[in-house]
Amino acid sequence: MSMKPINFFYLTLAAGLIHAVFLVPANGQVPTPGGTACEADWANRSRFETMGSLVELRNLEGFAKRGDIGAQLRLGLVRRTRDGNWSAPEDQSYSIQWLEKAQTQGSKSAAWELAQIKRRQISHEFYLRSAIAAAEVEGNPWAATELMNLTNGRWGGARPTACVEEWTADGKCADEAVLPASTSRKWAEIAAEGGNAAAQEWLCKAAAEGNLDRGQPRDDKAAFKWCQIAMHNACADSSLGTLQLLYAGGRGVEQSQGEADRIRKIRAQPWRSRVSQFFSQPY
């Protein structure tokens, strides 16, 4: 029996988090690629760049030195403590040392983080395969998000494996077979299961309309599933509209009065009309 891919990544990371009790809330809003509300909503709930204090950091280092892979991965992601007593060196040496230790123990997510740091020292194919392994093997939602954005045309590239050649060691972009556009649904599902609101929105709309080029046939059951999940996000206008169209077209269970009232209440939330503007402000 196979385990859902998302479990291993979070269980590995949680292994390090167990040893130090702290919260990692966002410190202000993060300007995300494209500046959409979906992305900002998720990014600001899923950052691991901060820890509460230097004491917590040193405590976690103790477990990492004793070989705790979750602690090593966590330390490879942290950039500063919120008490102001520590920040990572700008040369990223702190991150690299812990990520390399986690990678040695088999962490695909650590290998993916290192690939991002060392883009100019590796081939483009190696970079993509690192992301693929992190997403497929460990359910890493950040790696899956990168792959989703590449394969669904988010960056406007002619093909998913287009690249900035000077960023790679051999000056070559990966072959198209490494990352076909038809795999977009696969990456979106991993990202969506990891909480990425933009991926949930994409799956809602893609399943409702059908997008065979990206691996998503029209699927009313899947559309209802993802629309129902996505409708609660800060960026839910698209999924709410799609859900109403599904109900209106008789493409699922009949809409109850209670469901209709619930959707209206969500759409009427006073902050919803301004959320895109709020999250896309420069910082």
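Here the structure is a predicted model, which means the values were calculated and not measured.
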* **T81 (side chain) donor-acceptor with W86 (main chain) under 3.5 angstrom** => yes

* Main-chain N/O of L77 paired with R79 side-chain donor or acceptor, under 3.5 Å -> yes

* Carboxylate-amine/guanidinium contact K118 E100, below 4.0 Å -> yes

* Asked: Side chains of E176 and T161: do they bring a donor and an acceptor to under 3.5 Å?
  -> no

* Heavy-atom side-chain contact between N211 and N152 under 4.5 Å -> no

* Structure fact -> To the nearest 0.5 Å, atom NZ of K205 lies from atom CG of L243 at 13.0 Å

* To do: For residues D83 and L54, determine if any side-chain heavy atom of one lies less than 4.5 Å from a side-chain heavy atom of the other.
  => yes

* Heavy-atom side-chain proximity of T168 to Y127 below 4.5 angstrom -> no

* Please answer: with hydrophobic residues joined when any side-chain heavy atoms are less than 4.5 Å apart, are W142 and L203 in the same cluster? => no

* Straight-line distance of R119 CZ to S130 OG, nearest 0.5 Å -> 11.0 Å

* Can you tell me how far the SG atom of C163 sits from the NZ atom of K172, to the nearest 0.5 Å? -> 11.5 Å

* Asked: Within a strict 4.5 Å, meaning less than it, do heavy atoms of the E113 and S107 side chains meet?
  -> no

* Asked: Between A162 and C173, which heavy-atom pair has the shortest distance, and what is it?
  -> C-SG, 4.2 Å

* Identify the heavy atoms of A115 and I122 that sit nearest to each other, and give their distance. => O-CD1, 3.6 Å

* To do: Kindly check if the number of other-residue, nucleotide or ligand heavy atoms within 6.0 Å of CZ (F126) is above 12?
  => no

* Asked: Is the number of heavy atoms from other residues, nucleotides or ligands within 6.0 Å of CD (E166) greater than 12?
  -> yes

* **Same apolar cluster: L240 and I229, side chain cutoff 4.5 Å** => no

* W112 side chain reached by E138 side chain, heavy atoms, under 4.5 Å -> no

* To do: Please confirm whether the backbone N or O of A181 pairs with a side-chain atom of S184, one donor and one acceptor, at under 3.5 Å?
  => no

* Residue pair E125 / D175, side-chain heavy-atom distance below 4.5 Å -> no

* Closest contact, heavy atoms only, V178 versus I132 -> O-CD1, 3.6 Å

* **From CD (E49) to CZ (R80), nearest 0.5 Å** => 8.0 Å

* For W226, does its backbone N or O pair with a side-chain atom of Q200 as donor and acceptor, under 3.5 Å? -> no

* Structure fact -> Note: A144 and A191 closest approach over all heavy atoms is CB-N, 3.8 Å

* **Minimum-distance pair of heavy atoms, taken over all atoms of A192 and A199** => N-CB, 3.6 Å

* Asked: Thinking salt bridges, do R185 and E189 make one under a 4.0 Å N-O criterion?
  -> yes

* Asked: How many angstroms lie between CD1 in I96 and CG in D91, if you round to the nearest 0.5 Å?
  -> 7.0 Å

* Just how far is it from atom CG of L114 to atom CD of Q92, taken to the nearest 0.5 Å? -> 10.0 Å

* Going by heavy atoms in the side chains, are L60 and W98 under 4.5 Å from each other? -> no

* Checking side chain to side chain contact (heavy atoms under 4.5 Å, CB included) for the pair L75/E61: CA distance, chi angles, key distance, verdict? -> CA-CA 7 Å; L75 291 172; E61 284 178 343; 3.8 Å; yes

* Asked: Got a salt bridge between K186 and E136, using NZ or NE/NH1/NH2 to carboxylate O under 4.0 Å?
  -> yes

* **Contact summary for A223 and L246, nearest pair of heavy atoms** => CB-CD1, 3.9 Å

* Asked: Do D170 and S123 have side-chain atoms, one donor and one acceptor, less than 3.5 Å apart?
  -> no

* Asked: Would L147 and W202 show up in the same hydrophobic cluster when neighbours are defined by side-chain heavy atoms closer than 4.5 Å?
  -> no

* Does the side chain of I117 come within less than 4.5 Å of L99's, by heavy atoms? -> yes

